[in-house]
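As the structure lists them, so they are numbered: ligands from 1, and atoms in each ligand from 1.
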Amino acid sequence: LIQPQPYRPAYHFTPPHAWMNDPNGMVYYKGLYHLFYQFHPYSNVWGPMHWGHATSPDMIHWTHQPIALAPDELGAIFSGSVVVDWKNTSGFGTADNPPLVAIFTYHNEADRLAGKRPPQSQALAYSSDNGASWTKYAGNPVLKAAPDQGDFRDPKVRWHEASQSWIMSLAVGDHVEFHASPDLKQWHLLSQFGKNVGAHGGVWECPDLLPIRVAETGGQKWMLLLSINPGGPNGGSATQFFIGDFDGRNFVLDPAFASQLEQDGPQWIDWGRDNYAGVTWSDVPAADGRVLMLGWMSNWDYATKVPTSAWRSGMTLPRELQLHRQAQGYVLHSLPVRELDALKGRISQPQTATATEGLSLSGRALEQSETYVEFSLPGGNSKAYLEFSNAQGEAYKVGLDGQTGRYFSDRRQAGRKDFSEQFASKLHTAPRHAQSAVVRMRVYLDRNSAELFADDGATLMSELIFPSAPYTQVRFLVDGQAAQPAAFTVTEIGSSQT
Ligand code: FRU
(Lines give C-alpha, C1' and ligand atoms only; values in the text may rest on other atoms or scores of the structure.)
Protein backbone atom coordinates (compact mmCIF):
# COMPACT_ATOMS: atom_id res chain seq x y z
CA LEU A 1 0.00 0.00 0.00
CA ILE A 2 1.39 3.35 -0.97
CA GLN A 3 0.53 6.06 1.54
CA PRO A 4 -0.18 9.51 0.13
CA GLN A 5 2.87 11.71 0.70
CA PRO A 6 1.56 15.25 0.19
CA TYR A 7 4.68 16.86 1.65
CA ARG A 8 7.24 14.96 -0.39
CA PRO A 9 9.04 17.54 -2.57
CA ALA A 10 8.70 17.23 -6.35
CA TYR A 11 12.01 18.75 -7.41
CA HIS A 12 14.20 18.54 -4.31
CA PHE A 13 16.14 15.45 -3.30
CA THR A 14 14.56 13.18 -0.69
CA PRO A 15 15.57 9.66 0.41
CA PRO A 16 13.53 6.76 -1.00
CA HIS A 17 12.21 6.08 2.51
CA ALA A 18 13.23 6.57 6.15
CA TRP A 19 15.45 9.13 7.86
CA MET A 20 18.07 11.36 6.23
CA ASN A 21 20.32 14.14 7.52
CA ASP A 22 23.56 15.68 6.19
CA PRO A 23 24.69 15.51 2.57
CA ASN A 24 27.98 13.59 2.41
CA GLY A 25 30.68 12.69 -0.11
CA MET A 26 29.51 15.07 -2.81
CA VAL A 27 31.78 14.48 -5.78
CA TYR A 28 31.56 14.91 -9.54
CA TYR A 29 33.03 12.08 -11.58
CA LYS A 30 32.65 11.00 -15.21
CA GLY A 31 29.62 13.13 -15.93
CA LEU A 32 27.70 12.32 -12.76
CA TYR A 33 27.14 14.21 -9.54
CA HIS A 34 27.26 11.83 -6.60
CA LEU A 35 25.36 12.53 -3.44
CA PHE A 36 25.83 10.39 -0.35
CA TYR A 37 23.87 11.21 2.75
CA GLN A 38 23.44 10.39 6.43
CA PHE A 39 20.82 7.66 6.28
CA HIS A 40 19.04 5.53 8.86
CA PRO A 41 17.22 3.03 6.63
CA TYR A 42 15.28 1.26 9.39
CA SER A 43 13.44 4.17 10.94
CA ASN A 44 12.21 7.70 10.36
CA VAL A 45 14.32 9.11 13.18
CA TRP A 46 18.10 9.30 13.61
CA GLY A 47 19.89 6.06 14.54
CA PRO A 48 23.02 4.08 13.56
CA MET A 49 24.03 6.02 10.46
CA HIS A 50 24.72 4.63 7.00
CA TRP A 51 25.70 6.46 3.82
CA GLY A 52 22.82 6.43 1.36
CA HIS A 53 23.74 7.16 -2.24
CA ALA A 54 22.23 8.76 -5.35
CA THR A 55 23.58 9.97 -8.69
CA SER A 56 22.50 12.67 -11.11
CA PRO A 57 23.65 14.21 -14.38
CA ASP A 58 22.42 17.66 -13.29
CA MET A 59 21.89 17.78 -9.47
CA ILE A 60 18.12 17.89 -10.12
CA HIS A 61 17.13 14.45 -11.50
CA TRP A 62 18.37 11.81 -9.07
CA THR A 63 18.65 8.04 -9.34
CA HIS A 64 18.74 6.18 -6.05
CA GLN A 65 21.66 3.79 -5.63
CA PRO A 66 22.29 1.01 -3.10
CA ILE A 67 23.54 1.98 0.37
CA ALA A 68 27.26 2.71 0.08
CA LEU A 69 28.48 2.29 3.66
CA ALA A 70 26.93 0.53 6.66
CA PRO A 71 28.01 0.47 10.33
CA ASP A 72 30.46 -2.21 11.51
CA GLU A 73 32.31 -3.07 14.72
CA LEU A 74 34.20 0.26 14.62
CA GLY A 75 30.97 2.22 14.69
CA ALA A 76 28.34 4.05 12.68
CA ILE A 77 29.24 6.04 9.57
CA PHE A 78 29.04 9.77 10.25
CA SER A 79 29.54 12.63 7.81
CA GLY A 80 32.51 12.97 5.49
CA SER A 81 33.64 13.53 1.93
CA VAL A 82 34.69 11.75 -1.25
CA VAL A 83 37.58 12.72 -3.52
CA VAL A 84 38.81 11.46 -6.87
CA ASP A 85 42.37 10.32 -6.13
CA TRP A 86 43.55 11.30 -9.63
CA LYS A 87 47.20 10.38 -8.99
CA ASN A 88 46.33 7.20 -7.11
CA THR A 89 48.29 8.49 -4.10
CA SER A 90 46.42 6.01 -1.90
CA GLY A 91 47.30 3.02 -4.06
CA PHE A 92 43.65 1.91 -3.87
CA GLY A 93 43.30 2.09 -7.66
CA THR A 94 45.60 2.29 -10.65
CA ALA A 95 46.99 5.20 -12.63
CA ASP A 96 44.51 4.39 -15.41
CA ASN A 97 41.56 3.91 -13.12
CA PRO A 98 41.92 6.36 -10.22
CA PRO A 99 39.91 5.35 -7.17
CA LEU A 100 37.13 7.31 -5.50
CA VAL A 101 38.10 7.56 -1.83
CA ALA A 102 35.61 8.26 0.96
CA ILE A 103 36.93 9.86 4.14
CA PHE A 104 34.34 9.55 6.91
CA THR A 105 33.91 9.53 10.68
CA TYR A 106 33.41 6.36 12.67
CA HIS A 107 31.18 7.10 15.62
CA ASN A 108 30.98 4.51 18.37
CA GLU A 109 27.73 5.21 20.21
CA ALA A 110 28.23 2.42 22.75
CA ASP A 111 31.60 3.95 23.72
CA ARG A 112 30.09 7.41 23.92
CA LEU A 113 27.25 6.24 26.18
CA ALA A 114 29.72 4.37 28.37
CA GLY A 115 31.81 7.56 28.66
CA LYS A 116 34.69 5.83 26.84
CA ARG A 117 36.80 8.27 24.87
CA PRO A 118 37.49 9.00 22.14
CA PRO A 119 34.27 7.75 20.47
CA GLN A 120 35.07 9.25 17.03
CA SER A 121 37.86 8.66 14.49
CA GLN A 122 38.44 9.14 10.74
CA ALA A 123 38.47 6.27 8.28
CA LEU A 124 38.60 5.43 4.57
CA ALA A 125 36.68 3.39 2.00
CA TYR A 126 37.35 3.22 -1.72
CA SER A 127 35.66 2.35 -4.98
CA SER A 128 37.19 1.33 -8.29
CA ASP A 129 33.86 0.98 -10.10
CA ASN A 130 32.78 4.65 -10.21
CA GLY A 131 31.14 4.55 -6.80
CA ALA A 132 28.95 1.49 -7.35
CA SER A 133 30.60 -0.59 -4.61
CA TRP A 134 32.81 0.37 -1.68
CA THR A 135 35.55 -1.42 0.27
CA LYS A 136 36.53 -0.24 3.72
CA TYR A 137 40.29 0.16 4.20
CA ALA A 138 41.81 -2.61 6.33
CA GLY A 139 44.02 -0.08 8.15
CA ASN A 140 41.10 1.93 9.59
CA PRO A 141 40.95 4.21 11.45
CA VAL A 142 43.53 6.50 9.81
CA LEU A 143 43.20 9.43 12.20
CA LYS A 144 42.51 9.03 15.90
CA ALA A 145 41.53 11.68 18.39
CA ALA A 146 43.42 12.57 21.54
CA PRO A 147 42.30 10.27 24.38
CA ASP A 148 40.08 12.87 26.04
CA GLN A 149 38.54 14.25 22.85
CA GLY A 150 34.78 13.91 22.35
CA ASP A 151 33.75 15.69 19.13
CA PHE A 152 36.15 14.87 16.30
CA ARG A 153 34.35 14.53 13.02
CA ASP A 154 33.08 15.41 9.54
CA PRO A 155 36.33 15.30 7.50
CA LYS A 156 36.17 17.30 4.26
CA VAL A 157 39.21 16.66 2.11
CA ARG A 158 40.61 18.41 -0.95
CA TRP A 159 43.83 18.24 -2.96
CA HIS A 160 46.10 21.26 -2.42
CA GLU A 161 48.21 21.66 -5.54
CA ALA A 162 50.82 24.07 -4.14
CA SER A 163 51.82 21.78 -1.25
CA GLN A 164 51.09 18.58 -3.21
CA SER A 165 49.09 17.22 -0.34
CA TRP A 166 45.59 16.40 0.80
CA ILE A 167 44.13 18.87 3.28
CA MET A 168 41.44 17.75 5.71
CA SER A 169 39.14 20.14 7.56
CA LEU A 170 37.81 18.55 10.72
CA ALA A 171 35.28 19.74 13.33
CA VAL A 172 36.67 19.45 16.86
CA GLY A 173 34.10 20.76 19.32
CA ASP A 174 34.65 24.53 19.32
CA HIS A 175 37.17 24.82 16.49
CA VAL A 176 38.40 23.37 13.21
CA GLU A 177 41.62 21.41 12.74
CA PHE A 178 43.46 21.21 9.45
CA HIS A 179 45.41 18.01 8.80
CA ALA A 180 47.59 17.12 5.79
CA SER A 181 48.48 13.85 4.09
CA PRO A 182 50.45 12.69 1.05
CA ASP A 183 48.33 9.55 0.53
CA LEU A 184 45.06 9.93 2.49
CA LYS A 185 46.34 7.31 4.97
CA GLN A 186 48.92 9.15 7.08
CA TRP A 187 47.83 12.46 8.52
CA HIS A 188 49.58 15.19 10.50
CA LEU A 189 48.11 18.24 12.20
CA LEU A 190 48.76 21.56 10.45
CA SER A 191 46.87 24.13 12.46
CA GLN A 192 43.68 25.10 14.24
CA PHE A 193 41.16 27.81 13.55
CA GLY A 194 38.18 29.41 15.21
CA LYS A 195 38.40 29.11 18.98
CA ASN A 196 37.51 32.75 19.55
CA VAL A 197 36.06 33.64 16.16
CA GLY A 198 32.54 33.56 14.76
CA ALA A 199 29.43 32.08 16.35
CA HIS A 200 29.92 29.69 19.28
CA GLY A 201 26.39 29.04 20.50
CA GLY A 202 26.80 25.31 19.93
CA VAL A 203 29.08 22.56 18.66
CA TRP A 204 31.00 23.08 15.40
CA GLU A 205 30.21 20.59 12.63
CA CYS A 206 30.75 19.94 8.93
CA PRO A 207 33.59 22.31 7.95
CA ASP A 208 34.56 22.85 4.32
CA LEU A 209 37.63 24.87 3.30
CA LEU A 210 37.68 25.84 -0.38
CA PRO A 211 39.09 28.41 -2.78
CA ILE A 212 36.57 30.86 -4.23
CA ARG A 213 36.94 33.64 -6.79
CA VAL A 214 36.03 37.21 -5.90
CA ALA A 215 33.59 38.30 -8.61
CA GLU A 216 34.72 41.95 -8.70
CA THR A 217 38.49 41.43 -8.77
CA GLY A 218 38.91 37.92 -10.17
CA GLY A 219 41.31 37.30 -7.29
CA GLN A 220 41.14 34.17 -5.16
CA LYS A 221 40.15 33.90 -1.52
CA TRP A 222 39.58 30.89 0.70
CA MET A 223 36.24 30.31 2.34
CA LEU A 224 35.48 28.15 5.35
CA LEU A 225 31.91 26.89 5.65
CA LEU A 226 31.06 25.87 9.17
CA SER A 227 27.85 24.52 10.61
CA ILE A 228 26.87 25.09 14.20
CA ASN A 229 24.22 23.46 16.38
CA PRO A 230 22.55 25.21 18.13
CA GLY A 231 23.33 28.93 17.87
CA GLY A 232 21.87 29.85 14.47
CA PRO A 233 20.60 33.40 13.88
CA ASN A 234 16.91 32.42 14.13
CA GLY A 235 17.39 29.45 16.45
CA GLY A 236 18.77 25.93 16.25
CA SER A 237 21.25 24.80 13.64
CA ALA A 238 22.69 27.00 10.87
CA THR A 239 25.79 27.46 8.71
CA GLN A 240 28.25 30.35 8.94
CA PHE A 241 31.14 31.23 6.65
CA PHE A 242 34.55 32.86 6.98
CA ILE A 243 36.64 34.55 4.27
CA GLY A 244 40.41 34.48 4.43
CA ASP A 245 43.61 33.08 2.96
CA PHE A 246 45.18 29.64 3.21
CA ASP A 247 48.90 29.07 2.64
CA GLY A 248 48.89 25.29 2.87
CA ARG A 249 49.16 25.42 6.65
CA ASN A 250 47.11 28.19 8.27
CA PHE A 251 43.73 29.70 7.49
CA VAL A 252 43.92 33.42 8.32
CA LEU A 253 40.94 35.77 8.20
CA ASP A 254 40.95 38.51 5.59
CA PRO A 255 41.27 41.82 7.51
CA ALA A 256 38.16 43.29 5.89
CA PHE A 257 36.21 40.17 6.80
CA ALA A 258 37.55 40.24 10.36
CA SER A 259 36.23 43.77 10.86
CA GLN A 260 32.90 42.72 9.32
CA LEU A 261 32.68 39.99 11.97
CA GLU A 262 33.40 42.52 14.68
CA GLN A 263 30.89 45.03 13.39
CA ASP A 264 28.02 42.87 12.17
CA GLY A 265 28.53 39.61 14.03
CA PRO A 266 28.64 36.12 12.48
CA GLN A 267 28.06 35.80 8.74
CA TRP A 268 25.49 33.17 7.73
CA ILE A 269 25.05 31.54 4.33
CA ASP A 270 21.29 31.35 4.86
CA TRP A 271 19.13 33.05 7.50
CA GLY A 272 16.21 30.63 7.17
CA ARG A 273 16.01 27.85 9.70
CA ASP A 274 16.26 24.97 7.27
CA ASN A 275 19.64 24.80 5.60
CA TYR A 276 22.21 22.86 7.60
CA ALA A 277 25.41 20.83 7.25
CA GLY A 278 25.89 21.98 3.66
CA VAL A 279 29.24 21.48 1.93
CA THR A 280 30.45 21.83 -1.66
CA TRP A 281 30.88 19.39 -4.51
CA SER A 282 34.38 18.07 -4.98
CA ASP A 283 36.14 17.74 -8.36
CA VAL A 284 33.81 20.01 -10.34
CA PRO A 285 35.75 20.38 -13.64
CA ALA A 286 37.85 23.56 -13.88
CA ALA A 287 36.13 24.38 -17.17
CA ASP A 288 32.85 24.59 -15.24
CA GLY A 289 34.43 26.53 -12.39
CA ARG A 290 31.34 26.81 -10.21
CA VAL A 291 31.25 26.40 -6.45
CA LEU A 292 28.26 24.11 -5.93
CA MET A 293 26.67 23.28 -2.63
CA LEU A 294 23.65 21.61 -1.13
CA GLY A 295 22.38 21.61 2.45
CA TRP A 296 20.09 19.47 4.56
CA MET A 297 16.72 21.24 4.60
CA SER A 298 15.90 20.86 8.26
CA ASN A 299 16.94 21.94 11.73
CA TRP A 300 17.98 19.78 14.68
CA ASP A 301 15.44 21.73 16.80
CA TYR A 302 12.56 19.74 15.28
CA ALA A 303 13.92 17.52 12.46
CA THR A 304 12.72 14.27 14.03
CA LYS A 305 9.22 15.64 14.60
CA VAL A 306 8.18 17.15 11.26
CA PRO A 307 4.88 15.64 10.03
CA THR A 308 6.11 13.15 7.43
CA SER A 309 6.51 9.48 8.16
CA ALA A 310 7.40 7.32 5.13
CA TRP A 311 10.47 9.53 4.62
CA ARG A 312 11.94 12.34 6.66
CA SER A 313 13.98 15.34 5.47
CA GLY A 314 14.96 16.61 2.05
CA MET A 315 17.88 18.61 0.73
CA THR A 316 17.84 22.30 -0.26
CA LEU A 317 17.96 23.29 -3.90
CA PRO A 318 21.51 22.86 -5.16
CA ARG A 319 23.13 26.30 -5.20
CA GLU A 320 25.96 28.09 -6.89
CA LEU A 321 27.97 30.25 -4.49
CA GLN A 322 29.49 33.54 -5.66
CA LEU A 323 31.66 35.77 -3.52
CA HIS A 324 31.25 39.52 -3.95
CA ARG A 325 33.41 42.30 -2.56
CA GLN A 326 31.36 45.38 -1.84
CA ALA A 327 32.00 48.67 -0.05
CA GLN A 328 30.69 47.25 3.21
CA GLY A 329 32.68 44.03 2.91
CA TYR A 330 32.28 40.51 1.52
CA VAL A 331 28.82 39.27 0.55
CA LEU A 332 28.22 35.64 -0.33
CA HIS A 333 25.53 35.15 -2.96
CA SER A 334 23.72 31.85 -3.51
CA LEU A 335 21.70 31.13 -6.63
CA PRO A 336 19.75 28.03 -7.61
CA VAL A 337 21.85 26.10 -10.13
CA ARG A 338 20.93 26.92 -13.74
CA GLU A 339 20.12 23.22 -14.35
CA LEU A 340 16.82 23.90 -12.56
CA ASP A 341 15.70 26.03 -15.53
CA ALA A 342 14.97 22.86 -17.50
CA LEU A 343 12.02 22.19 -15.18
CA LYS A 344 10.49 25.64 -15.63
CA GLY A 345 7.61 26.38 -17.94
CA ARG A 346 7.03 22.71 -18.68
CA ILE A 347 3.56 22.67 -17.23
CA SER A 348 2.44 26.14 -18.25
CA GLN A 349 3.86 29.46 -19.33
CA PRO A 350 4.78 31.98 -16.63
CA GLN A 351 1.72 33.88 -15.50
CA THR A 352 1.54 37.53 -14.59
CA ALA A 353 -0.36 38.45 -11.49
CA THR A 354 -2.63 41.47 -11.27
CA ALA A 355 -2.39 44.05 -8.54
CA THR A 356 -5.70 43.57 -6.81
CA GLU A 357 -6.24 39.86 -7.17
CA GLY A 358 -2.71 38.58 -7.11
CA LEU A 359 -2.79 35.22 -8.83
CA SER A 360 -5.17 32.40 -8.05
CA LEU A 361 -4.10 29.03 -9.27
CA SER A 362 -6.18 25.94 -9.21
CA GLY A 363 -5.21 22.58 -7.79
CA ARG A 364 -1.58 22.00 -6.97
CA ALA A 365 -0.11 24.59 -9.33
CA LEU A 366 1.43 26.89 -6.76
CA GLU A 367 3.03 24.24 -4.64
CA GLN A 368 5.71 23.59 -7.27
CA SER A 369 6.50 27.11 -8.34
CA GLU A 370 8.85 30.03 -8.63
CA THR A 371 7.38 33.43 -7.79
CA TYR A 372 9.30 36.46 -8.92
CA VAL A 373 8.47 39.90 -7.63
CA GLU A 374 10.21 43.24 -8.10
CA PHE A 375 9.20 46.32 -6.13
CA SER A 376 10.52 49.58 -4.68
CA LEU A 377 11.96 49.64 -1.21
CA PRO A 378 9.04 50.14 1.18
CA GLY A 379 9.30 53.49 2.95
CA GLY A 380 8.74 54.46 6.56
CA ASN A 381 7.46 51.60 8.62
CA SER A 382 5.74 49.78 5.73
CA LYS A 383 6.05 46.08 5.14
CA ALA A 384 6.00 44.70 1.58
CA TYR A 385 5.57 40.99 1.14
CA LEU A 386 4.28 38.00 -0.75
CA GLU A 387 1.47 36.05 0.82
CA PHE A 388 0.81 32.46 -0.23
CA SER A 389 -2.51 31.19 1.04
CA ASN A 390 -5.11 28.44 0.83
CA ALA A 391 -8.87 28.17 1.43
CA GLN A 392 -8.13 26.78 4.90
CA GLY A 393 -7.05 30.26 6.01
CA GLU A 394 -3.37 29.40 6.20
CA ALA A 395 -0.81 31.85 4.81
CA TYR A 396 2.96 32.02 4.46
CA LYS A 397 4.39 35.54 4.28
CA VAL A 398 7.83 36.52 3.11
CA GLY A 399 9.06 40.04 2.43
CA LEU A 400 10.85 43.16 3.56
CA ASP A 401 10.22 45.37 6.58
CA GLY A 402 10.89 49.03 5.66
CA GLN A 403 11.44 50.08 9.23
CA THR A 404 14.12 47.57 10.15
CA GLY A 405 15.40 47.17 6.59
CA ARG A 406 15.32 43.41 7.17
CA TYR A 407 13.73 40.54 5.31
CA PHE A 408 11.29 38.39 7.20
CA SER A 409 9.78 34.95 6.83
CA ASP A 410 6.57 34.34 8.72
CA ARG A 411 5.40 30.72 8.93
CA ARG A 412 3.43 31.20 12.13
CA GLN A 413 0.09 30.77 10.27
CA ALA A 414 1.49 28.85 7.28
CA GLY A 415 0.13 25.44 8.20
CA ARG A 416 0.82 22.65 10.66
CA LYS A 417 3.11 23.57 13.52
CA ASP A 418 1.77 21.63 16.48
CA PHE A 419 4.46 18.94 16.19
CA SER A 420 7.08 21.16 17.87
CA GLU A 421 6.97 24.36 19.87
CA GLN A 422 10.27 25.36 18.34
CA PHE A 423 9.01 25.23 14.77
CA ALA A 424 6.89 28.34 14.27
CA SER A 425 6.70 30.40 17.42
CA LYS A 426 8.73 33.33 16.08
CA LEU A 427 9.16 35.60 13.09
CA HIS A 428 12.46 34.85 11.32
CA THR A 429 14.47 37.79 10.00
CA ALA A 430 17.55 38.43 7.87
CA PRO A 431 19.63 41.50 6.98
CA ARG A 432 19.42 43.04 3.53
CA HIS A 433 22.89 43.30 1.96
CA ALA A 434 21.92 45.01 -1.30
CA GLN A 435 21.82 48.81 -1.36
CA SER A 436 19.57 49.28 -4.40
CA ALA A 437 16.17 50.99 -4.25
CA VAL A 438 14.71 48.11 -6.25
CA VAL A 439 14.02 44.90 -4.38
CA ARG A 440 13.94 41.56 -6.18
CA MET A 441 12.68 38.40 -4.54
CA ARG A 442 12.50 34.92 -5.97
CA VAL A 443 10.62 32.36 -3.89
CA TYR A 444 10.62 28.65 -4.68
CA LEU A 445 7.82 26.57 -3.25
CA ASP A 446 8.03 22.79 -3.30
CA ARG A 447 5.22 21.28 -1.21
CA ASN A 448 6.93 21.49 2.18
CA SER A 449 9.40 24.27 1.61
CA ALA A 450 9.82 27.91 0.67
CA GLU A 451 13.25 29.18 -0.33
CA LEU A 452 13.78 32.92 -0.68
CA PHE A 453 16.63 34.17 -2.89
CA ALA A 454 16.56 37.97 -2.50
CA ASP A 455 18.63 40.59 -4.37
CA ASP A 456 20.18 38.07 -6.76
CA GLY A 457 21.05 35.69 -3.96
CA ALA A 458 22.55 38.19 -1.49
CA THR A 459 20.06 37.21 1.26
CA LEU A 460 18.66 33.71 1.65
CA MET A 461 15.91 32.28 3.80
CA SER A 462 15.18 28.57 3.39
CA GLU A 463 12.22 27.42 5.42
CA LEU A 464 10.06 24.35 5.83
CA ILE A 465 6.26 24.84 5.75
CA PHE A 466 3.45 22.32 6.19
CA PRO A 467 0.20 23.76 4.77
CA SER A 468 -2.71 21.41 5.41
CA ALA A 469 -3.80 21.91 1.78
CA PRO A 470 -1.80 23.33 -1.15
CA TYR A 471 -1.68 27.12 -1.42
CA THR A 472 -3.85 28.34 -4.28
CA GLN A 473 -3.30 32.08 -4.14
CA VAL A 474 -0.33 34.41 -4.10
CA ARG A 475 -0.65 38.15 -3.54
CA PHE A 476 1.75 41.05 -3.19
CA LEU A 477 0.79 43.21 -0.25
CA VAL A 478 1.97 46.41 1.31
CA ASP A 479 0.73 46.69 4.88
CA GLY A 480 -2.03 44.23 4.19
CA GLN A 481 -3.29 46.03 1.05
CA ALA A 482 -2.94 44.65 -2.48
CA ALA A 483 -0.32 46.69 -4.30
CA GLN A 484 1.20 46.87 -7.77
CA PRO A 485 4.79 45.65 -7.96
CA ALA A 486 7.01 46.47 -10.96
CA ALA A 487 7.07 42.79 -11.93
CA PHE A 488 5.18 39.79 -10.60
CA THR A 489 5.24 36.39 -12.28
CA VAL A 490 4.65 32.83 -11.23
CA THR A 491 6.20 29.89 -13.04
CA GLU A 492 5.27 26.30 -12.39
CA ILE A 493 8.19 23.96 -11.92
CA GLY A 494 8.03 20.42 -13.22
CA SER A 495 8.77 17.34 -11.15
CA SER A 496 12.21 15.79 -11.22
CA GLN A 497 11.14 12.60 -9.47
CA THR A 498 9.18 10.13 -11.52
C1 FRU B 1 25.50 17.25 11.61
C2 FRU B 1 25.94 15.97 12.28
C3 FRU B 1 27.42 15.70 11.98
C4 FRU B 1 27.53 14.21 12.16
C5 FRU B 1 26.18 13.74 11.64
C6 FRU B 1 25.64 12.54 12.34
O7 FRU B 1 24.12 17.31 11.39
O8 FRU B 1 25.71 16.05 13.67
O9 FRU B 1 28.30 16.44 12.80
O10 FRU B 1 28.60 13.66 11.47
O11 FRU B 1 25.29 14.83 11.77
O12 FRU B 1 24.50 12.05 11.71
Taking the side chain as every heavy atom from C-beta outward, state whether L100 and Y126 have any atom pair closer than 4.5 Å. no
Does the ring centre of H160 sit less than 6.0 Å away from the ring centre of F246? yes
Chain-and-number sorted residues having a heavy-atom contact under 4.0 Å with ligand 1 are N21, D22, Q38, W46, M49, F78, S79, R153, D154, E205, Y276, W300
Please tabulate, for the side chains in residues 222-231, all donor-acceptor contacts under 3.5 angstrom to protein atoms that are two or more places apart in sequence or on a different chain.
from : atom 1 : to   : atom 2 : distance (Å)
S227 : OG     : T239 : OG1    : 2.8
S227 : OG     : A277 : N      : 3.1

Do T316 and N275 pair up side chain to side chain, a donor and an acceptor below 3.5 Å, judged on atom types alone? no
Are R273 and N234 close enough that a side-chain donor and a side-chain acceptor fall under 3.5 Å? no
Should D410 and R412 count as an ion pair when the cut-off is N to O under 4.0 Å? yes
